[in-house]
Amino acid sequence: MVKSNGNLESHFQIPKVKFTKLFINGEFVDSVSGNTFETIDPRNEEVIARIAEGDKADIDLAVKAAREAFDNGPWPRLSPMERRNIMLKFADLIIENAEEIAALDAMDAGKLFAAGKTMDIPSAAQFMRYYAGAADKIHGTTLKMSRDIQGYTLLEPIGVVGHIIPWNFPTQMFVMKVGPALAAGCTMVVKPAEQTPLSALYYAQLAKQAGVPDGVINVVTGFGSTAGAALCSHMDVDKISFTGSTEVGRLVMQAAALSNLKPVSLELGGKSPFIVFDDVDVEKVAPLAMIGILFNKGEVCVAGSRLFIQEGIYDKFVKKLVEITKTWVVGDPFDPNSHQGPQVDKKQFERVLSYIEHGKREGATLLTGGNALDRKGYFVEPTIFTDVEDHMIIAKEEIFGPVLSVMKFKTVEEVIKRANCTQYGLAAGVMTNNLNIANTVSRSIRAGVIWINCYFAFDPDCPYGGYKSSGFERDLGMEGLHKYLQVKSVATPIYNSPWL
Ligand SMILES: NC(=O)c1ccc[n+]([C@@H]2O[C@H](COP(=O)([O-])OP(=O)(O)OC[C@H]3O[C@@H](n4cnc5c(N)ncnc54)[C@H](O)[C@@H]3O)[C@@H](O)[C@H]2O)c1
């Protein structure tokens, strides 16, 4: 592992944070209570800005604005083509402002600036364009009904949506949720994670600039137990779309059920297996396995955090992993030489380090890493444990950091069983040149996404979500749009009505 000492000011001019207030009904406003909270830069533990702390009273105002915009405003009543055009303009503005948005996420979340500018932000714009293209292709079906009745279905917007998003991909999560809901004709309140509120506020004003009418997108920054909980239990919210931890997902579902029984979609945690068979080229697959765990400093719900290696190539593969970590640069996310920035905040940093201690105590072998960097900020070394057993905490719980558990296996049947022995079912990677094995494993793993000889292959057209405690319903793809639509069936006699 290499430490980067890049001087970020020489690479990029840090933007001044302009948006620190709630965005309700097309305007930036203070919270009702006047309270604020700090958002901290994980590179240096300094305060970036004070952000308005929304709570129940602010959620009430935001939902009222969204309700009015849905019940009486133009957005659901625009022609689909008009909605599409505004969304395309929104996507253009995202690209035009890519550098500033990437900088906000680098400061707020510790994400690599270069990756944000060239990957996260362009892919967010791509999501928005995908759903803009879908906006004028939403249609129901004609029904073949008996007794001379003609019928058809209408797909109508579900209404006011509450989006609750996590901190690991603030930009993509915002667009992944807001894009399809806009295409469907919904209005919404977004509650970004308290760790990363900046880009959501920035997006809100871009949407307004693009022509999204007031009240359609409202952003209430604040904490989960107050603002988030108030959104989930609000009687005037018609749907909650949540991405976050399994633990909070349970609370969200409970609050939704105990209020107006609103439907929820849950995109939750993971502990994904990355399975490598003997027949692969170690030189090619080992780097992919490392990206599978280290990308975005391991703060990825689909991180390949359990690496299963077949016994024939085990030693060679592990040696290669260690070699890779030696060239891996942990440092300032604005430094173009950095491969990995800091964990998002102090809590997450301490959580990752405490899992490393668990691994040591449980008897796994710490092969490399295991420490925080000796500098200010929340930097953790890429860490590899071998001799990990399935029952160990580091093999079972989601760490959400750069910590890899490596395990050896013999047979296809064995690895399928072990890969499935987790409460999660979000994603899995299968690396082999044997088509039969690839097919058998991908059909046997209980997870929502399987990558064969690739990893993190995301596309707007590819639905994404979990089995088991990783949640239900899907983001992205047309499935990601349909969850914001209701189906209405209409029937009428073709000739004289026998009912009248
Ligand atoms: N499946 C996916 O697509 C996906 C994607 C990214 C992250 N995640 C998961 O997210 C987790 C990390 O994110 P996190 O730490 O921000 O998760 P979290 O569950 O702590 O918080 C997520 C969001 O929920 C809010 N929240 C917290 N308590 C709430 C409550 N009682 N009611 C309503 N909202 C509440 C938070 O303020 C935040 O906005 C990991 O488990 C990760 O796997 C899943």
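Counting starts at 1 for both ligands and their atoms, following the listed order.
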Would you mind telling me if ligand 1 is within reach of the side chain of [X], the backbone, both or neither, using heavy atoms under 4.0 Å?
| X | answer |
| --- | --- |
| Leu268 | backbone |
| Pro192 | backbone |
| Gln348 | neither |
| Glu398 | side chain |

Would you mind running through ligand 1 and noting each atom that sits below 4.0 Å from a heavy atom of [X]?
| X | value |
| --- | --- |
| Thr243 | 2 (C), 3 (O), 4 (C), 5 (C), 6 (C), 7 (C), 8 (N), 22 (C), 44 (C) |
| Met173 | 5 (C), 6 (C) |
| Ile165 | 23 (C), 38 (C), 39 (O) |
| Glu194 | 36 (C), 37 (O) |
| Ile164 | 23 (C), 24 (O), 25 (C), 33 (C), 34 (N), 39 (O) |
| Cys301 | 1 (N), 2 (C), 3 (O), 4 (C), 5 (C), 6 (C), 7 (C), 8 (N), 42 (C), 43 (O), 44 (C) |
| Phe400 | 12 (C), 40 (C), 42 (C), 43 (O) |
| Tyr464 | 3 (O) |

- Any heavy atom of Ala229 sitting closer than 4.0 Å to ligand 1? yes
- Query: When Phe458 is tested against each of Trp451, Phe169, Tyr130 for ring pair (Phe, Tyr, Trp, His ring centres under 6.0 Å), which residue passes?
  - Reply: Trp451
- Query: Do Lys191 and ligand 1 have an N or O pair less than 3.5 Å apart?
  - Reply: yes
Does a side-chain N-to-carboxylate-O contact under 4.0 Å join [X] and [Y]?
| X | Y | value |
| --- | --- | --- |
| Glu53 | Arg50 | no |
| Lys64 | Asp236 | no |
| Glu350 | Lys346 | yes |

Side chains of residues 158-168: which donor-acceptor pairs under 3.5 Å do they make with residues two or more places apart or in other chains?
| residue | atom | partner | partner atom | Å |
| --- | --- | --- | --- | --- |
| Asn168 | ND2 | Glu299 | O | 3.2 |

From [options] - option closest to [atom] by heavy atom:
| atom | options | answer |
| --- | --- | --- |
| atom 9 (C) of ligand 1 | Gly228, Gly244, Ala193 | Gly244 |
| atom 24 (O) of ligand 1 | Phe223, Phe169, Phe242 | Phe242 |
| atom 29 (C) of ligand 1 | Val248, Leu231, Thr196 | Val248 |

- Query: Roughly how far, to the nearest 0.5 Å, is the OG atom of Ser241 from the CD atom of Glu267?
  - Reply: 7.0 Å
- From Ile101 CD1 over to Tyr203 OH, what is the distance, rounded to the nearest 0.5 angstrom? 4.0 Å
Tell me, which protein residue and heavy-atom name are nearest [atom], and how many Å apart are they?
| atom | answer |
| --- | --- |
| atom 13 (O) of ligand 1 | Pro166 CB, 3.4 Å |
| atom 19 (O) of ligand 1 | Ser245 OG, 2.6 Å |
| atom 27 (C) of ligand 1 | Gly224 CA, 3.4 Å |
| atom 14 (P) of ligand 1 | Trp167 NE1, 3.3 Å |

- Message: Test salt bridge (Lys or Arg N to Asp or Glu O under 4.0 Å) on Asp60 and Lys56; report intermediate values, then the result.
- Response: CA-CA 6 Å; Asp60 285 346; Lys56 184 175 177 312; 3.2 Å; yes
- Query: Quick one: do the Thr171 and Asp120 side chains pair a donor with an acceptor below 3.5 Å?
  - Reply: no
- Query: Does the protein place any heavy atom closer than 4.0 Å to atom 32 (N) of ligand 1?
  - Reply: yes
- Task: Take Arg43 and Asp41 through the test salt bridge (Lys or Arg N to Asp or Glu O under 4.0 Å) and record every step on the way to the result.
- Result: CA-CA 5 Å; Arg43 298 172 303 150; Asp41 189 332; 2.5 Å; yes
- Query: How would you list, by chain and number, every residue that makes a side-chain contact (heavy atoms from CB on, under 4.5 Å) with Ala289, sequence neighbours excluded?
  - Reply: Phe274, Leu307, Phe317, Leu321
- Message: Within a 6.0 Å radius of atom CD on Gln209, are there more than 12 heavy atoms belonging to other residues, nucleotides or ligands?
- Response: yes
- Count the heavy atoms of every other residue, nucleotide or ligand shown that sit under 6.0 Å from NZ of Lys347, and state whether that count exceeds 12. no
